Amino acid sequence: MTISMSTPDFLIERDRDRCIKCQVCVRQCANEAHFWDEEEQKVKANDALCVNCHRCVTYCPTHALTIRKYPLEFRENANWTASTIKAIYRQAETGGILLTGMGNDRPYPIFWDHLLLNASQVTNPSIDPLREPMELKTFLGRKPDQLKVEDGHLVEKIPPQLELEVPIMFSAMSYGSISLNAIKSLAAAAERVGIMYNTGEGGLHKDLYKYGKNTIVQVASGRFGVHPEYLQAGAAIEIKIGQGAKPGIGGHLPGEKVGLEVSQTRMIPEGTDAISPAPHHDIYSIEDLSQLIYSLKEATQYQKPVSVKIAAVHNIAAIASGIARAGADIIAIDGFRGGTGAAPLRTRDNVGIPIELALAAVDSRLREEGIRNQVSLVVGGSIRNSADVVKAIALGADAVYIATAALVAIGCHLCQKCNTGKCNWGIATQNPQLVKRLNPEIGAERAANLIMAWEHEIKELLGGMGINAVESLRGNRLMLRGVGLSDRELNILGVLPAGE
Amino acid sequence: MKRVYAREEICGGCKLCEVHCAVAHSQYPHDIIKAFLKQETKPIARILVEEGRPISFALQCRHCEDAPCTKACITGAMQKDPVTGIVTNDETRCVGCWTCILVCPFGAIKRDESEHKVASKCDLCATVGGTPVCVQNCPNDALVFTDELWRR
Amino acid sequence: MLREGEVRIPSGCAISGIMNKKGEVFSGHDIIQSIALMHDRSNGLGGGFAAYGIYPDFPDHYAFHLFYESAEAKEKTETYLNMLFHIAESGKIPTRRVPSVKNAPLAWRYFAKPKPDALFEDESEDELVVRAVMYINAHFSGSFVVSSGKNMGAFKGVGYPEEMGEYFRLEEYKGYIWTAHGRFPTNTPGWWGGAHPFTLLDWSIVHNGEISSYGANRRFLEMFGYKLTMQTDTEAITYAFDLLLRKQNIPLDIAIATLAAPFWRDIERMSLEKQTLYKAVRTVYGNLLLNGPFSIILGSNKGIVALNDRLKLRSLVAATKADVLYIASEESAIREICPEPEKIWAPRGGEPVIGLFEEGGIQK
Ligand code: SF4
Ligand code: SF4
Ligand code: SF4
Ligand code: SF4
């Protein structure tokens with residue numbers, strides 16, 4: 001074998017004055033970057049294997065460890081950066097597509113960080129959320145243009161709605177791409193804080209049926225785990241067309257991750273690859289989508305809202321309008337920064353558009369067409385904090401989907417190696433030894449804490465704007481001002497520049 | 001009585017419980033680095049993580065109702081406290097005959113030959129008081145200290 | 001400097017309203033006196049009145065009040081009006097010289113009935129009037145429709161409200177409902193059309209406050225075809241009432257529960273059936289909830305409704321004596337014209353004061 005030109009990405013530094021040779025790091029690193037040298041009675045490391053997941057750093061009882069960027073420099077070159085060169089070495093060695101996990105990490109502009117929120121001064125009092133009610137309750141689903149009320153009675157029932165206590169949901173992550181303990185964490189957290197989690201395309205494990213009223217069950221192109229009880233089990237159904245991290249690309253869960261329970265849940269043989277085709281092979285057009293929407297509604301007696309999830313792509317406004325007219329009750333749009341369990345690197349980093357622009361374009365378009373009421377808009381794809389949530393709602397979203405943030409809450413360190421199945425934090429793995437590292441009770445508490453913390457912050461921000469119900473923020477773009485944006489971008493976002 | 005129970009299904013086998021147990025019973029109970037690097041002999045943990053991956057769980061003295069070790073002890077060093085129920089070994093009286101190790105149905109007693117030979121076992125951190133350090137330091141709540149029999 | 005419609009101008013204000021529940025008419029004198037007392041709540045940059053029952057000779061004609069800034073604007077607008085309406089009578093709105101009132105536009109009024117062939121298929125007369133108002137305000141520069149309802153009119157301009165009352169000789173009119181508005185804009189638009197009340201058909205709104213939900217309300221209303229050219233809260237509130245009460249036939253109490261929605265914690269305490277209803281209201285009309293401080297008086301030929309935001313962040317006082325209902329920003333403004341009311345109270349946040357004509361009163 002010829003020599004590999006790949007050099008380590010990270011350098012493991014061990015402070016020998018602190019290391020007590022307990023070997024906790026050796027046991028924690030599933031990448032086997034640390035090892036015990038019996039002869040020298042020392043813990044040593046193989047830097048090349050480290051993915052910088054911080055597991056050993058967090059667990060080392062004496063804080064003896066530091067992980068650094070490997071100091072090896074290439075000749076400075078703004079065009080041919082180290083990562084570009086290394087990618088070529090890897091491909092030259094393997095002849096394969098580069099795979100990665102998590103979301104786009106390239107330095108594209110983050111529009112959230114160019115939007116600023118308003119606050120009340122003098123002419124309008126701010127509201128103290130500790131003293132006054134501050135309402136975040138949100139309903140997702142089709143809204144009629146008007147109510148019919150006679151003698152104090154509602155004459156026509158309104159279509160089914162998802163009721164959220166906070167306008168945030170955990171977005172789709174399948175059993176298979178993440179561990180059962182990770183899903184249990186999110187499901188229990190969703191139940192605790194009154195929101196939804198989403199099964200992704202992996203079916204519903206038998207232990208999760210009890211979280212039904214907080215579950216959105218997904219139907220994706222592979223149709224894994226879809227059966228009548230599954231459709232009935234959730235509070236809503238989501239048809240997954242696309243995903244922000246890999247628009248236009250299907251999914252592939254390698255056979256080694258399809259153990260007994262995954263195979264039972266997905267209803268496929270153990271050890272076989274689970275392949276989700278790029279398109280649904282029964283949806284080649286908007287009419288076909290409409291058929292599937294109504295088939296699912298029919299199958300669930302029109303009792304559950306049906307969502308359609310798409311990736312934010314160039315023509316998103318027209319596509320969303322089509323989906324609304326096709327009968328969807330909720331449109332979930334996933335921006336190009338959205339995460340994934342595995343995606344081709346070039347697709348992840350180069351396909352799709354930012355969620356901020358997609359959201360603004362879709363909301364404006366649906367309003368122009370007078371059909372904004374017919375659907376709820378849920379956006380995801382790197383909502384990082386409560387301010388992003390507030391900005392998304394002001395741009396026009398009904399609610400947001402979070403996934404990466406939720407995983408970070410339960411331990412993910414964004415090492416982007418989800419595709420390897422060796423997630424040291426017990427999240428993106430099916431290895432039982434690693435899965436048990438994530439205690440679902442702790443996970444649930446942490447994920448619920450995150451939502452509660454954001455809830456407090458959202459209330460604080462709303463109060464500052466003199467608003468005490470989230471519906472008064474929804475689509476209220478006057479609460480936003482742009483900084484450092486071009487006229488064209490401001491136009492698409494529908495916000496004024498700061499100072500105007 | 002309150003005992004430490006292991007939850008195998010979420011024990012990651014990190015052995016931090018062992019590390020902290022060893023420190024707590026060392027000459028430097030509050031300095032983990034000195035306990036391991038300065039003490040002349042390696043500190044010994046009184047808890048033991050049993051492993052057969054992916055199975056792993058931490059085991060220590062069960063402080064049995066009818067503790068066989070106390071009966072077998074030839075010097076009376078091994079005693080069960082009638083009030084707290086904690087089984088402890090009086091190291092000044094222990095002669096290191098290992099009879100207790102022989103009879104312990106859990107294999108929860110270790111040999112400590114660092115100074116004079118003594119049997120070393122979990123004392124529920126009775127000397128420290130409060131929650132045992134293994135429970136305090138388990139990063140995944142895989143150890144619980146409770147007087148109810150732990151049920152999944 | 002940008003005028004209303006080109007820029008959003010928040011403002012503080014004083015409001016006042018008087019209604020005779022039996023439908024008996026009285027002169028504009030009282031309302032001027034009441035609003036004048038709250039002189040300090042305005043800053044001379046806007047004042048106005050809405051009066052109902054003032055045109056008994058033309059009860060079934062739409063009374064258009066228009067402002068013109070040029071003869072050309074008037075000519076164009078009249079050609080347009082003549083295309084859609086039979087004009088029974090028209091003429092200059094009488095005014096008198098008031099030294100402090102400057103740059104007044106030409107104020108003209110028309111009593112008009114839609115020509116049957118001007119109506120689109122399925123279009124009601126009201127809808128035609130709304131269409132015409134929106135069209136004139138959007139397309140004829142220098143023209144502005146001040147009011148367009150039957151047997152009512154709005155009188156407003158740049159100045160203190162009492163100056164406007166004097167200018168438009170309001171003591172010479174007799175009406176069964178009068179509302180008034182004194183304005184304290186945080187900007188100086190100096191445009192007569194921008195003063196309040198804002199009206200559409202026979203809806204008029206006088207409003208004190210600054211609604212923080214404006215952007216959300218506006219974009220919701222736009223979906224239903226409203227063009228919010230003034231960018232003011234008052235305009236948005238007027239259209240919200242128009243949408244709910246006129247277009248969608250929503251009962252008044254539900255419309256009120258839309259704009260000043262009960263809190264979820266209160267809804268949770270309601271009977272199951274009411275819960276369903278109010279939940280539906282907040283689900284469907286959430287975007288119409290008025291957030292932030294406000295007190296408003298909605299006038300119409302059916303009566304008046306006064307409403308506070310649900311936290312009661314703006315003052316509002318109501319009183320009754322015999323057949324007369326009084327509402328004002330301050331108690332003193334009521335006592336100024338009715339020193340000894342039979343009942344006087346400060347309505348709670350979100351709790352409306354509703355004055356409808358009694359049996360036999362004017363109920364159109
Ligand atoms: S975990 Fe820390 S102290 Fe223990 S062996 Fe590793 S580096 Fe040393
Ligand atoms: S991969 Fe993670 S656990 Fe392993 S050495 Fe690197 S940081 Fe530590
Ligand atoms: S889920 Fe695990 S593998 Fe994926 S980025 Fe997070 S820590 Fe790394
Ligand atoms: S510290 Fe906890 S998780 Fe780690 S080995 Fe001990 S019991 Fe298991």
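The structure displayed is predicted, hence computed values, not measured ones.
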Checklist entry - How far apart are the C-alpha atoms of C:Arg219 and A:Arg474, what are their side-chain angles, what is the distance that settles it, and do they pass the side-chain contact (heavy atoms from CB on, under 4.5 Å) test? => result CA-CA 10 Å; C:Arg219 297 186 73 218; A:Arg474 198 154 284 134; over 6 Å; no
Checklist entry - Which is it for A:Asn373 and C:Tyr285 under the side-chain contact (heavy atoms from CB on, under 4.5 Å) test, yes or no, and what are the steps along the way? => result CA-CA 10 Å; A:Asn373 275 352; C:Tyr285 295 122; over 6 Å; no
Checklist entry - Does the pair A:Leu478 and C:Tyr214 meet the rule for a side-chain contact (heavy atoms from CB on, under 4.5 Å), with working shown? => result CA-CA 8 Å; A:Leu478 284 176; C:Tyr214 175 77; 3.3 Å; yes
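For the atom pair CZ of C:Arg282 and CD of A:Glu471, the computed distance is 4.5 Å after rounding to the nearest 0.5 Å. The line from CD of C:Gln248 to CG of A:Asp145 is 7.0 Å long, rounded to the nearest 0.5 Å. Note that CD of C:Gln275 is 13.0 Å distant from CG of A:Leu154, once rounded to the nearest 0.5 Å. Atom NZ of residue A:Lys148 and atom CD1 of residue C:Ile254 lie 14.5 Å apart, to the nearest 0.5 angstrom. The CD1 atom of A:Ile127 lies 6.0 Å from the CG atom of C:Leu313; values are rounded to the nearest 0.5 Å. Atom OG1 of C:Thr276 sits about 11.0 Å away from atom NE2 of A:His153, to the nearest 0.5 Å.
Heavy atoms of other residues, nucleotides or ligands lying less than 6.0 angstrom from CD of A:Gln121 number 12 at most. Within 6.0 Å of atom CZ in C:Arg348, 12 or fewer heavy atoms from other residues, nucleotides or ligands are found, so the atom counts as exposed in its surroundings.
In this structure, C:Ser213 and A:Ile467 have side chains that are not in contact, with every pair of non-hydrogen atoms separated by 4.5 Å or more. For the pair A:Met479/C:Ser212, a side-chain contact is recorded, criterion being any heavy-atom separation below 4.5 Å from C-beta on.
Contacts between C:Leu289 and chain A at a heavy-atom distance below 4.5 Å involve backbone atoms as well as side-chain atoms. Neither the backbone nor the side chain of A:Leu496 comes within contact range of chain C; no heavy atom of the residue lies under 4.5 Å from a heavy atom of that chain. Residue A:Glu163 touches chain C through its side chain alone, counting heavy-atom pairs closer than 4.5 Å. For a residue to count as touching a neighbouring chain, one of its non-hydrogen atoms must lie under 4.5 Å from one of that chain's; by this rule A:Leu147 touches chain C with backbone and side chain alike. Both the backbone and the side chain of A:Ser364 have a heavy atom closer than 4.5 Å to some heavy atom of chain C. Of the atoms belonging to A:Gln146, heavy atoms from both backbone and side chain fall under 4.5 Å from chain C. For chain A, the nearby parts of C:Phe220 are the backbone and the side chain; heavy atoms of each come within less than 4.5 Å. Neither the backbone nor the side chain of C:Arg218 comes within less than 4.5 Å of any heavy atom in chain A.
Between the side chain of C:Asn291 and the backbone N or O of A:Ser472 there is no donor-acceptor pair closer than 3.5 Å.
Contact tally against chain C (heavy-atom pairs below 4.5 Å) for A:Gln161, A:Glu368, A:Met465, A:Arg477: the top residue is A:Arg477. Here C:Pro293 is the residue among C:Pro293, C:Pro251, C:Gly292 with the most heavy-atom pairs under 4.5 Å with chain A. Options A:Arg367, A:Glu150, A:Lys143, A:Glu369 differ in how many heavy-atom pairs under 4.5 Å they form with chain C, and the most are formed by A:Arg367. Of the listed residues (C:Lys274, C:Glu222, C:Arg310, C:Glu273), the greatest number of heavy-atom pairs within a distance under 4.5 Å of chain A belongs to C:Arg310. Between chain C and the residues A:Asn468, A:Val149, A:Ile158, the largest count of heavy-atom pairs under 4.5 Å involves A:Asn468. Ranked by heavy-atom pairs under 4.5 Å with chain A, the first of C:Leu311, C:Ile250, C:Leu244 is C:Leu311. Among A:Ala469, A:Ser126, A:Gly370, A:Gly152, the residue with the largest count of heavy-atom pairs under 4.5 Å with chain C is A:Ala469.
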